[in-house]
Amino acid sequence: MNKIKAVIFDMDGLIVDTEPLESQSLIKVLSEYGKTPQLYDTGLVHIVGNAASTYTDLMEEHGINEDLDTFRNKKREIFAKLLENKLTLFDGFFKLIDILTKRKIKIALASNRF
């Protein structure tokens with residue numbers, strides 16, 4: 001008998017690796033302001049899990065005097081375009097979905113992306 005009744009997936013980092021696309025979109029929006037960001041050892045412009053301050057930190061670090069919502073919206077537009085063209089699923093995701101479906105386990109998706 002299944003003890004698990006449902007599985008909730010977090011899209012980012014489990015189904016798809018969006019962090020490189022997130023970083024690429026930040027690099028592109030910063031380049032619109034003539035800025036070249038430094039990358040962390042991870043190869044990313046931002047710290048994973050630090051979404052609340054990523055925009056303000058980057059704007060302050062690079063001396064960008066822009067409305068926060070304007071900066072954020074520019075980045076989100078770029079990110080959305082990257083998602084359309086470069087998003088790939090992690091290996092094994094569809095196999096896992098197939099197993100869960102066959103066992104009649106409910107499936108849900110959670111994300112804070114949009």
Side-chain angles (χ1 to χ4, degrees):
M1 181 189 289
N2 280 339
K3 291 185 179 185
I4 298 172
K5 302 294 180 196
V7 175
I8 301 173
F9 291 98
D10 177 24
M11 182 177 71
D12 302 314
L14 182 66
I15 299 172
V16 293
D17 187 7
T18 55
E19 295 305 336
L21 298 180
E22 182 79 23
S23 193
Q24 288 174 28
S25 63
L26 288 166
I27 291 168
K28 287 184 183 223
V29 76
L30 287 168
S31 73
E32 289 181 10
Y33 294 93
K35 309 297 181 181
T36 304
Q38 293 287 329
L39 300 180
Y40 288 95
D41 292 339
T42 59
L44 303 174
V45 171
H46 64 292
I47 297 173
V48 176
N50 194 26
S53 64
T54 294
Y55 299 111
T56 54
D57 289 351
L58 286 172
M59 290 172 66
E60 184 177 306
E61 178 182 335
H62 294 283
I64 296 172
N65 186 22
E66 178 72 83
D67 175 68
L68 177 60
D69 286 335
T70 300
F71 185 85
R72 184 183 295 129
N73 289 336
K74 285 181 180 183
K75 184 257 159 199
R76 285 180 176 167
E77 285 181 28
I78 294 167
F79 183 73
K81 288 177 186 172
L82 289 173
L83 285 177
E84 290 175 13
N85 299 315
K86 296 186 178 186
L87 188 65
T88 57
L89 299 173
F90 281 127
D91 289 340
F93 177 71
F94 285 121
K95 183 177 180 180
L96 176 58
I97 293 297
D98 187 47
I99 291 167
L100 295 172
T101 302
K102 285 178 182 174
R103 293 183 182 181
K104 298 185 186 322
I105 296 173
K106 294 178 183 178
I107 302 167
L109 175 67
S111 181
N112 69 348
R113 280 289 165 198
F114 293 100

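Side chains of Phe9 and Ile97 form a contact here, defined as non-hydrogen atoms less than 4.5 Å apart. No side-chain heavy atom of Val29 sits under 4.5 Å from any side-chain heavy atom of Phe79. Looking only at side-chain heavy atoms (C-beta outward), Lys5 and Ile105 stay at 4.5 Å or farther from each other. Side-chain contact between Ile27 and Pro37 is present, with at least one heavy-atom pair separated by less than 4.5 Å. At a threshold of 4.5 Å between non-hydrogen side-chain atoms, the residues Ile78 and Glu32 count as touching. Within the 4.5 Å cutoff, the side chain of Lys86 has heavy atoms near those of the Gln24 side chain. For the pair Leu30/Thr36, no side-chain contact is recorded, criterion being any heavy-atom separation below 4.5 Å from C-beta on. Counting heavy atoms from C-beta on, the side chains of Thr54 and Leu26 come closer than 4.5 Å.
A salt bridge links Glu22 and Lys75; the closest N-O separation between the charged side-chain nitrogens and carboxylate oxygens is under 4.0 Å.
Atom CG of Asn65 is surrounded by 12 or fewer heavy atoms from other residues, nucleotides or ligands within 6.0 Å. Atom CG of Asn85 has more than 12 heavy atoms from other residues, nucleotides or ligands within 6.0 Å.
With rounding to the nearest 0.5 angstrom, the CD atom of Glu61 is 11.0 Å from the OG1 atom of Thr56. With rounding to the nearest 0.5 Å, the separation of NZ in Lys81 from OG in Ser25 is 12.0 Å. Rounded to the nearest 0.5 Å, atoms OG (Ser53) and CE (Met59) are 13.0 Å apart.
In terms of hydrophobic clustering, with Ile, Leu, Val, Met, Phe, Trp and Tyr side chains grouped at heavy-atom distances under 4.5 Å, Phe90 and Leu83 are assigned to different clusters. One hydrophobic cluster, built from ILVMFWY side chains closer than 4.5 Å, cannot hold both Ile8 and Ile107; they sit in different ones. Hydrophobic clustering, with ILVMFWY side chains joined whenever heavy atoms are under 4.5 angstrom apart, groups Ile64 together with Leu68.
Ser23 places no side-chain N or O within donor-acceptor distance of the main-chain N or O of Pro20, the cut-off being under 3.5 Å.
Taking the six-membered ring for Trp and thresholds of 30 and 60 degrees, Phe71 and Tyr33 have ring planes inclined between 30 and 60 degrees apart.
Residues forming a side-chain contact (heavy atoms from CB on, under 4.5 Å) with Ile99 (at least two apart in sequence, or on another chain): Lys95, Arg103. Remark: Thr70 pairs with Glu66, Asp67, Lys74 by the side-chain contact (heavy atoms from CB on, under 4.5 Å) rule, at least two apart or across chains. Legend: residues meeting side-chain contact (heavy atoms from CB on, under 4.5 Å) with Leu89, ordered by chain and number and at least two apart, are Ile15, Val16, Phe93, Phe94.
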